Peer 1: 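Before I ask anything, let me first share the structure, which is written out below as structure tokens.
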Amino acid sequence: MRTTAITVLKIVISVGLIAWTFSRVPLAEVGSQLASARPGYLLAALLVFVLAMIVNGAKWHVLLRAQGVVIPFARLLEFQFIGFFFNNFLPSANLGGDVMRGYGLARLTDRPADAAISVLVDRIVGFLAYMSSAAIAGIIAVNLVGRQDLRQMEGVALLAALASALVLAMLLSRRLRALITRLFGWRPLAPLARTWGHVSQALDAYRFRLRAVGIAFGIAVLGLLCTALVNWLVSQAMGGQMPLLAIFLFNPLIALVMTLPISIGGLGVSQAAYPFFYVPIGVSADHALAVSLLMQLTQLLASLPGGLFWLRTRRATRASGPSVSGI
């Protein structure tokens with residue numbers, strides 16, 4: 001009952017955010033923006049978004065190989081698409097699907113600790129790349145372009161980048177993990193000591209393979225470039241009000257906001273976030289909202305193969321009985 005109540009609450013929040021956002025924007029103009037969208041740009045945005053998903057799959061692949069987990073890249077992409085498909089329906093866009101892809105990988109490899117840690121490090125490295133890029137964009141906008149109105153956003157991006165780097169450093173710190181290990185000597189936590197040992201061992205793989213982490217960071221930056229291009233293409237499809245530099249600054253911050261587990265699949269949060277960030281820099285509210293709607297549609301369409309992969313795996317599991325390769 002508690003889970004159901006929380007889900008209902010998140011649906012209410014999603015609907016409430018959508019209603020609140022739509023009440024503040026002239027819907028006729030939003031409709032006009034959507035009707036004017038040029039299909040060629042939207043198709044290009046969809047293809048680039050799929051490319052971004054493949055790039056992020058490559059990042060995860062590098063991190064897994066650093067742990068000694070070797071699986072075919074095509075199989076890994078299936079988990080990547082499955083996770084992204086469920087991002088559209090699970091609470092907390094970006095994070096809900098991580099559970100699905102980690103679960104699928106754990107059953108395939110029978111290495112749950114390695115699977116969980118690879119997903120965690122993959123997410124943190126991605127956040128670090130996103131926030132570092134946002135911080136650089138903020139510094140350029142404020143100090144070179146002269147957009148003093150973006151100084152607060154620059155500060156938020158810098159703090160988020162530093163926080164991401166600190167979390168990653170803490171995870172890789174042997175001393176910190178040794179201190180945490182002592183906590184499991186406390187009787188109430190003792191049953192979890194073995195699980196923590198597996199987690200700590202999985203983290204050690206990255207401590208001695210920093211080159212792999214660095215390569216993953218570079219791939220994450222490439223993924224960010226792709227998603228920024230998707231936003232720019234969607235905006236260009238309707239007149240192109242969003243400057244590319246602003247997209248590099250706001251795109252990571254919007255992704256950060258959408259990790260909050262307060263809605264279903266980020267629905268409502270995305271529609272509120274785009275006008276919040278872009279209207280103060282001169283983008284019309286109807287354009288910002290229209291871009292958010294088309295971005296949500298693009299994400300849904302790009303993730304549809306994940307639904308097909310999930311159904312195929314479910315059918316195979318039912319046909320063969322329980323196995324480590326099912327989800």
Side-chain angles (χ1 to χ4, degrees), residues 20-21 24-26 29-30 32-33 36-38 41-42 44-45 48-49 52 55 94 124-168 217-260 266 269-296 298:
W20 178 77
T21 304
R24 298 167 61 87
V25 179
E29 295 184 16
V30 175
S32 177
Q33 288 272 338
S36 70
R38 289 175 281 182
Y41 279 94
L42 298 181
V48 175
F49 198 93
V55 169
N94 297 324
I124 293 173
V125 170
F127 268 129
L128 178 57
Y130 265 53
M131 297 310 149
S132 298
S133 300
I136 293 172
I139 291 171
I140 293 174
V142 172
N143 298 285
L144 297 182
V145 181
R147 293 299 301 261
Q148 297 301 317
D149 55 323
L150 295 178
R151 186 169 294 278
Q152 288 186 337
M153 296 298 177
E154 174 198 22
V156 170
L158 283 169
L159 287 175
L162 291 174
S164 300
L166 180 61
V167 169
L168 182 60
F217 177 84
I219 296 174
V221 172
L222 179 59
L224 167 69
L225 294 175
C226 290
T227 56
L229 180 58
V230 173
N231 278 266
W232 183 80
L233 286 168
V234 171
S235 178
Q236 288 294 312
M238 298 178 291
Q241 293 187 29
M242 293 182 177
L244 190 57
L245 182 60
I247 291 173
F248 276 111
L249 174 57
F250 295 146
N251 181 36
L253 297 179
I254 291 173
L256 179 62
V257 170
M258 289 181 64
T259 62
L260 297 174
V269 176
S270 174
Q271 283 66 54
Y274 272 80
F276 174 83
F277 283 103
Y278 284 101
V279 168
I281 65 167
V283 176
S284 66
D286 54 280
H287 184 81
L289 180 55
V291 169
S292 77
L293 293 172
L294 288 179
M295 282 297 300
Q296 194 115 29
T298 299

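All values derive from a computational prediction rather than experimental measurement.
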Peer 1: Does the side chain of Y278 come within less than 4.5 Å of I254's, by heavy atoms?
Peer 2: yes
Peer 1: Test of understanding: with side-chain hydrogen bond (donor to acceptor under 3.5 Å, both in side chains), list the residues that count as partners of E29, not counting sequence neighbours.
Peer 2: none
Peer 1: Looking at every heavy atom in both I247 and A228, which two are closest together, and how far apart are they?
Peer 2: CG2-O, 3.6 Å
Peer 1: Look up atom CZ in F276 and atom CG in L253, then write down how far apart they are to the nearest 0.5 Å.
Peer 2: 10.0 Å
Peer 1: Report yes if the side chains of V55 and I219 come closer than 4.5 Å at any heavy-atom pair, otherwise no.
Peer 2: yes
Peer 1: Measure from the side-chain N and O atoms of N143 to the backbone N and O of I139, and report whether any donor-acceptor pair falls under 3.5 Å.
Peer 2: yes
Peer 1: Taking all heavy atoms of V230 and all of A45, pick out the closest pair and write down the distance.
Peer 2: CG2-O, 3.6 Å
Peer 1: Where do A272 and P275 come nearest, in terms of heavy atoms and distance?
Peer 2: O-CD, 3.5 Å
Peer 1: Within a strict 4.5 Å, meaning less than it, do heavy atoms of the F49 and L233 side chains meet?
Peer 2: no
Peer 1: How long is the straight-line distance from CG of N251 back to CG of L225, given to the nearest 0.5 Å?
Peer 2: 10.5 Å
Peer 1: Which atom pair, heavy atoms only, marks the closest approach of M153 to L249?
Peer 2: CB-CD2, 4.1 Å
Peer 1: Can you give the donor-acceptor pairs under 3.5 Å from side chains of residues 280-293 to other protein atoms, not counting sequence neighbours?
Peer 2:
residue: S284; atom: OG; partner: Q241; partner atom: OE1; Å: 3.1
residue: S284; atom: OG; partner: Q241; partner atom: NE2; Å: 3.2
residue: S284; atom: OG; partner: D286; partner atom: OD1; Å: 3.3
residue: S284; atom: OG; partner: H287; partner atom: N; Å: 3.3
residue: D286; atom: OD2; partner: Q33; partner atom: NE2; Å: 3.2
residue: H287; atom: ND1; partner: Q33; partner atom: OE1; Å: 3.0
residue: H287; atom: NE2; partner: S235; partner atom: OG; Å: 2.9
residue: S292; atom: OG; partner: L289; partner atom: O; Å: 2.7

Peer 1: Just to verify, what does Y274 make a side-chain hydrogen bond (donor to acceptor under 3.5 Å, both in side chains) with, not counting sequence neighbours?
Peer 2: N231
Peer 1: So which pairs with a foot in residues 129-148 pass salt bridge (charged side-chain N to carboxylate O under 4.0 Å, His left out), sequence neighbours left out?
Peer 2: R147-D149
Peer 1: I need the minimum non-hydrogen distance between S164 and I124, along with the two atoms involved.
Peer 2: O-CG2, 3.9 Å
Peer 1: Can you list every pair that meets salt bridge (charged side-chain N to carboxylate O under 4.0 Å, His left out) and has a residue in residues 127-142, with sequence neighbours left out?
Peer 2: none
Peer 1: Indicate every side-chain donor-acceptor pair of residues 127-137 with a distance under 3.5 Å to a residue at least two apart or in another chain.
Peer 2:
residue: Y130; atom: OH; partner: T227; partner atom: OG1; Å: 3.1
residue: S132; atom: OG; partner: L128; partner atom: O; Å: 2.6
residue: S133; atom: OG; partner: A129; partner atom: O; Å: 2.9

Peer 1: Which residues satisfy the side-chain hydrogen bond (donor to acceptor under 3.5 Å, both in side chains) test with R151, sequence neighbours excluded?
Peer 2: Q148
Peer 1: Can you name the ring-ring contact (aromatic ring centres under 6.0 Å, His included) partners of F217, sequence neighbours left out?
Peer 2: none
